[in-house]
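Remember, predicted model here, so these are calculated numbers, not experimental data.
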Amino acid sequence: MSRTRGWKQDQLCAQCGGVVLVEWSMQVPEAPGESVDGVAVGFDAAGHEFI
């Protein structure tokens, strides 16, 4: 079973035109050989999506 890893990072937002704090999350494998998509997805306070 995979688990979620999360972190926060400053990112330039093309929609806002400034730097915003983005909260990222990503599924990571918990067991050897387990398959996950490996795509990180993040959202800022305004709800803009970052991939």
Side-chain angles (χ1 to χ4, degrees):
M1 175 175 272
S2 64
R3 58 189 167 94
T4 301
R5 178 176 177 253
W7 67 97
K8 294 180 181 178
Q9 179 180 9
D10 288 331
Q11 186 84 24
L12 180 62
C13 179
Q15 295 174 4
C16 295
V19 176
V20 296
L21 183 63
V22 177
E23 190 166 339
W24 292 92
S25 64
M26 179 177 184
Q27 293 293 321
V28 294
E30 196 166 312
E34 183 178 13
S35 177
V36 295
D37 64 7
V39 176
V41 178
F43 295 93
D44 66 6
H48 300 139
E49 183 179 46
F50 296 80
I51 298 177

Smallest heavy-atom separation, Phe50 atom then Leu12 atom, equals CE2-O, 3.8 Å
With a sphere of 6.0 Å drawn around CD of Gln9, does it hold more than 12 non-hydrogen atoms of other residues, nucleotides or ligands? yes
Where is the tightest heavy-atom contact between Gly42 and Trp24, given as atom of each residue plus distance? N-CE3, 3.5 Å
List the steps and the verdict of side chain to side chain contact (heavy atoms under 4.5 Å, CB included) for Thr4 and Gln27. CA-CA 5 Å; Thr4 301; Gln27 293 293 321; 2.8 Å; yes
Can you see which heavy atom on Met26 is nearest to which on Val39, and at what distance? CG-O, 4.0 Å
Cluster link Phe43 to Leu21, ILVMFWY, side chain under 4.5 Å: no
Minimum heavy-atom separation for Val41 to Glu49, with atom names? CG1-OE2, 3.7 Å
Considering all heavy atoms, the nearest His48-Cys16 contact: CE1-SG, 3.2 Å
